[in-house]
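Written below as structure tokens is the structure these notes are about.
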Protein chains: 2
Amino acid sequence: MLSSTEENYLKAIYNISERESGSVTTNNIAQVMQTKAASVTDMIKKLADKELVDYAKYRGVSLTEKGRGLATQLIRKHRLWETFLVDKLGFDWDEVHELAEELEHIRSDELINRLDQFLGQPKFDPHGDPIPNASGRFTIRQQTQLSDLKPGEKGEVVAVHHHDDALLRHLAEIGIELKTNLEVLELHAYDQSIQVRLGTGKVLQINPGLAQKLFIRRSN
Amino acid sequence: MLSSTEENYLKAIYNISERESGSVTTNNIAQVMQTKAASVTDMIKKLADKELVDYAKYRGVSLTEKGRGLATQLIRKHRLWETFLVDKLGFDWDEVHELAEELEHIRSDELINRLDQFLGQPKFDPHGDPIPNASGRFTIRQQTQLSDLKPGEKGEVVAVHHHDDALLRHLAEIGIELKTNLEVLELHAYDQSIQVRLGTGKVLQINPGLAQKLFIRRSN
DNA sequence: AAATAATTTTAGGTTGCCCTAAAAGCCTTA
DNA sequence: TAAGGCTTTTAGGGCAACCTAAAATTATTT
């Protein structure tokens, strides 16, 4: 039985190791968890005792099979709750992250499986991220960062990664959401920005930072 | 900002003072919270500092206006979540109490108001208990303990009080649920038991303890 | 490779909520 | 009304998760 805090550390380690290779460092975790390195060391030892992470002093941590399994279940819960909040309660996609952070710690497999049923066993959450099934398997979707598209290529926005609320609100403002169709018109070498035309006809300049966070499924 | 623990104490005090008059004693709270009197004294002091209870040493506590308001909102959340679990996720009425105990601590007025909308602003939860509205007002329903009915009187089960899961399962087994119609046939003086006929025609002996927990709206 | 810089760990302390044991207060009843 | 028996509070600790400061280790620079 893990505490919410232990669960949050597991999730943090999982997320960091998803986007960076090699083992996860103490400072890295401290930054994500908004806490101090010393506190992280304390917690790492506890997680190592429970065989949820492999740990060698000064060498960082990595999740064990068991740890990864638990982290995956947390992500399942988080994304199912986000789906509930958006699909059923009518929240906007930029309002649900914090709430799902709380809801994901409710401890009941029965609850989460019924919720999954109730939502129609969705494969992707409101941000386009895949929802692992009860056995922890993700549905993988063919997708590319917008920054990798060439002029003339067309596609549909299927996911937004590393989303903070401000980013999502910005996207909504400029007219981009999930399922938005777009076509790359030009790449501007001088600032790496990308000119795109949305399905609505609107033409936008997308800066390179943003273009890396937008995931596209090619449609031609 | 209260901790879940503080919230649980408030709720315990509220519940005790609902069913007993006068101020709530330390031992009483300890029993409900499954903890020791010394721990209760600690917490009472903290709640008194926050002006949620009035407290005089050795004299017990009572909720302040502020404390009662918070307790009422907790009850609102608890009962709305129970309604969600039963109406939307298909849980049985005897399975939802523990889960609602966790869910009620999720901190978001927006969430709970949207949930209320989503559920169709229900006035009563799956056990027949009234759900306070956002301002803390309960809908009061004319109801009587089954033990107060006279032979020949008829009515409908509208609530079950002080429900533990075992009690609810027992009721389900003998064929009683919310909205069950019944008629009192006879009172047996020798053991205070009550003979009733259900809407289904089934005739039962109800013992006096149970008859106090069943609330009936008279129908004739 | 030595010196300096950065990271990580250890040591020791705080807070919230719990505990046991003992002291203090209240209450009943002889 | 005084004694004994409850109840409640105080005193003193424990554990989880955090902190700061200092020590240990690793990494980088010269």
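A, B, ... follow the sequence lines: proteins, then strands. Residue 1 opens every chain.
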Candidates C:dT10, D:dC18, C:dG25 - which lies nearest the side chain of A:Met43:
D:dC18
Which nucleotide in the list C:dC19, C:dT8, C:dG25 gets nearest to the side chain of B:Lys36?
C:dC19
Spacing between B:Ile29 atom CD1 and D:dT8 atom C1', to the nearest angstrom
12 Å
From CZ of B:Arg59 over to C1' of C:dA24, roughly how many Å is that when rounded to an integer?
14 Å
Residue-phosphate contact under 4.0 Å: B:Tyr55 side-chain N/O, D:dT9 OP1/OP2:
yes
N/O donor-acceptor pair under 3.5 Å between A:Thr41 side chain and A:Ala37 backbone:
yes
N or O in side chain of A:Thr35 less than 4.0 angstrom from D:dC19 OP1/OP2:
yes
So does A:Tyr9 get a side-chain nitrogen or oxygen closer than 4.0 Å to the phosphate oxygens (OP1/OP2) of D:dC18?
yes
In whole angstroms, the gap separating P of C:dC27 from OH of B:Tyr58 amounts to 12 Å
With a non-hydrogen cut-off below 4.0 angstrom, is A:Thr5 in contact with a base, only sugar-phosphate, or nothing?
sugar-phosphate
Take the protein atom CD of B:Gln34 and the nucleotide atom P of C:dC19, then report the distance between them rounded to whole Å.
10 Å
Are B:His97 and B:His127 an aromatic pair, judged by ring center distance below 6.0 Å?
no
Atom NZ of B:Lys45 to atom C1' of D:dT8: distance rounded to whole Å?
10 Å
Can any side-chain N or O of A:Lys77 pair as donor or acceptor with the backbone N or O of A:Ile106 at less than 3.5 Å?
yes
Kindly say whether, by distance alone, the side chain of B:Asn27 makes a donor-acceptor pair under 3.5 Å with the base of D:dC6?
no
Whole angstroms only, please: what is the CG-C1' distance between B:Leu47 and C:dG16?
13 Å
Ranking D:dT10, C:dT10, C:dC18 by distance to the side chain of A:Thr41, first place goes to C:dT10
Nearest whole angstrom, please: distance from the C1' of C:dT15 to the CD of B:Glu6.
12 Å
Of the listed D:dT8, C:dC19, C:dT10, the closest approach to the B:Ala38 side chain comes from C:dC19
Tell me whether the NZ or CZ atom of B:Arg114 lies within the 45° cone about the ring axis of A:Phe91 and under 6.0 Å from its centre.
yes
Can you find a side chain N or O atom of B:Ser39 that sits less than 4.0 Å from OP1 or OP2 on C:dC19?
yes
Testing C:dT9, D:dT10, D:dT26 for proximity to the side chain of A:Thr26, the answer is C:dT9
Less than 6.0 angstrom separating the ring centers of B:Phe138 and B:Phe124, yes or no?
no
With side chains defined as the heavy atoms from C-beta onward, is the minimum distance between A:Leu103 and A:Leu85 less than 4.5 Å?
yes
What nucleotide, of C:dT10, D:dA27, D:dT25, holds the atom closest to the side chain of A:Lys57?
C:dT10
Among C:dC19, D:dC19, D:dT8, the one nearest any side-chain atom of B:Asp42 is C:dC19
Calculate the interatomic distance between A:Gln31 atom CD and C:dT8 atom C1'; express it in whole Å.
16 Å
